[in-house]
There are 2 protein chains.
Amino acid sequence: MTHDAFAGLLKRWRAARRLSQEQLALEAGVSTRHLSFLETGKSKPSREMVLRLTATLALALKERNVMLASAGFAPIFTARSLESLELAPVRRAIELLLQKQEPYGAVLFDRCWNVLRMNEGAARLMGCFLDPAHAAPGVATNLVRAILHPSGLRPALVNWVEVAQVALERLERECATEPTDEARRALLEEVRCYPGVDAVGPIAPEGGAPTSLVHLKRGRDEARLFTMLTTIGTPLDVTAQELTIESYFPADEATERWLQGR
Amino acid sequence: MTHDAFAGLLKRWRAARRLSQEQLALEAGVSTRHLSFLETGKSKPSREMVLRLTATLALALKERNVMLASAGFAPIFTARSLESLELAPVRRAIELLLQKQEPYGAVLFDRCWNVLRMNEGAARLMGCFLDPAHAAPGVATNLVRAILHPSGLRPALVNWVEVAQVALERLERECATEPTDEARRALLEEVRCYPGVDAVGPIAPEGGAPTSLVHLKRGRDEARLFTMLTTIGTPLDVTAQELTIESYFPADEATERWLQGR
DNA sequence: GCCGCAATGACGTCGGACGTCATGGGCGCT
DNA sequence: AGCGCCCATGACGTCCGACGTCATTGCGGC
């Protein structure tokens, strides 16, 4: 490593907290010797050491993640993510973003793919292709369930296999990257039990672009959409990074007219 | 860890490549013993081991990052990111996204904050508040330079100090999280030499929300905007995660009218 | 019965994270 | 000049875990 980023960060944060090496070392239960070595880059911290030090420095979660990354470790995640929405300006910006997407659809998800917000266009799509009569509870409010559950969008999804495949693949990938997230893992186990789900292919051949195609058809209504995922914030900023927006665009002229004509 | 994610992933990928433990171990220069332990979760891999194994398995970069994360390590990044744009559907989706944002502004950046694409609204904003006469080269095509360089937006930025602070902070944070990125570090060094930049505060007090306020004024034109960052893809999906979109919304009624009236 | 494959037991090496104690040097304060 | 405070650093030591070698056992298939 050219410049040891962790060393510099640690020094700066300790300075910001106005602690001497000795004080910090004492509080964190670390030897002053080792702390000094860490700040000069002569030693590299273990993951636990990073966590201990950042905890004693009372750093915000986001900062801890930066420190972890600077030392070459994966970030930690949190179970919150709803109250980040309480931040008024973020909330307002999201509202506007969704609104700008009209008449196309756009939906805001949390990291378990629960629907948090939905614009008019998306609501119309849902109303059109999801049979509200016999939708099992929880299916309409969760993207993964909506796609994979037999009473969800599945009857209307012409290319169900592909869509299911990328959805499953993505969920599995997420579970692998954040093994600590129990809720997400539970969701994965749940949908794996749905009929027909175990039949979709195993590891897709290197797939996984941020866009994908969706072909819906129910009665005389038919739409070919392609969708794109975006997440709030930068990938490094973990504040509200669990918030994802999926935007739906018409994939052909017919769908374009159909969307406009409603 | 409840379920060792890395172990399972490794086993699945090896199976997908139709290799026996012995073959893979031989090719990767690892003892069969250790490989077996890794697949049963009895041993945990070092960062280098993960890289060696994923390399011999010829996994895509994205998959390597997933494996790294599942073993608790930070992902690796790549220097490309432009050719991801060549993916036609992604490109098209981005085009549509920017277009939907009209008449508000929206700009697409790469991870060095170079401008890759810009919609009409953003172009108008730029034209209005950036003095093209004496803008130094490279300033108009890079967000960080545009904000921090004296010949950029700085004269028009009423709340320059705050804006500069978050921009600097963000850049520094990024440099810390990805110490390998030389280009980005060079940019940081460059802008640090601009006059007045060293005077902006050090570490901001736990700031860094995904939205921020911008107040622009030049002659009779004045706009108060708030901006939000979104990135393409999910935070875990590294395919094109280096692509960031900044969207500009009016922060008050006057600005709203001013924007519509152009 | 033989073979490919995976698991695993016993044992060894080694590097690095982290500890303890002691020393020396820079800097401010009186 | 003298005294504290803060930091770096030398010379040790401990310990754990990543990873190696060799041999053994158990499994399913031709």
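Note that the structure is a prediction, hence the values are computed from the model and not measured. For the numbers below, each heavy atom of this structure counts, side chains included, while hydrogens, waters and symmetry mates do not. Convention: sequence-line order gives letters A, B, ...; per-chain numbering from 1.
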C:dG4 P sits how many Å from B:Leu26 CG, rounded? 15 Å

Expressed as a whole number of angstroms, how long is the span from B:Met49:CE to C:dG15:C1'? 14 Å

Inter- and intrachain pairs under salt bridge (charged side-chain N to carboxylate O under 4.0 Å, His left out), touching residues 143-152 of chain B, at least two apart: B:Arg145-B:Glu190

Whole angstrom value for the distance that separates P of C:dG16 from CG of A:Leu38: 15 Å

Taking only residues two or more places apart in sequence or in another chain, which ones pass ring pair (Phe, Tyr, Trp, His ring centres under 6.0 Å) with A:Phe109? A:Trp113

Would you say A:Thr231 and A:Thr244 are linked by a side-chain donor-acceptor pair, where the criterion is simply a distance under 3.5 Å? no

Rounding to an integer number of Å, can you tell me how far B:His34 NE2 sits from D:dG20 C1'? 10 Å

Which residues share a side-chain hydrogen bond (donor to acceptor under 3.5 Å, both in side chains) with B:Gln21, sequence neighbours left out: B:Glu39

For nucleotides 4-14 of chain D, read 5' to 3', which letter fits each nucleotide if B means a protein heavy atom sits under 4.0 Å from the base, S means only the sugar-phosphate is that close, and - means neither? --SSBBBB---

Exercise answer: donor-acceptor pairs, residues 23-34 of chain B side-chain atoms, under 3.5 Å, sequence neighbours excluded:
residue: B:Gln23; atom: OE1; partner: B:Ser20; partner atom: N; Å: 2.7
residue: B:Gln23; atom: OE1; partner: B:Ser20; partner atom: OG; Å: 3.4
residue: B:Ser31; atom: OG; partner: B:His34; partner atom: N; Å: 3.1

Over all strands shown, is A:Ser31 touching base, sugar-phosphate only, or nothing at heavy-atom distances under 4.0 angstrom? base

For B:Ala15, enumerate each residue passing the side chain to side chain contact (heavy atoms under 4.5 Å, CB included) test, keeping only those at least two apart in sequence or located in another chain. none

Value in whole Å for how far the P atom of C:dA6 lies from CZ of B:Arg18: 13 Å

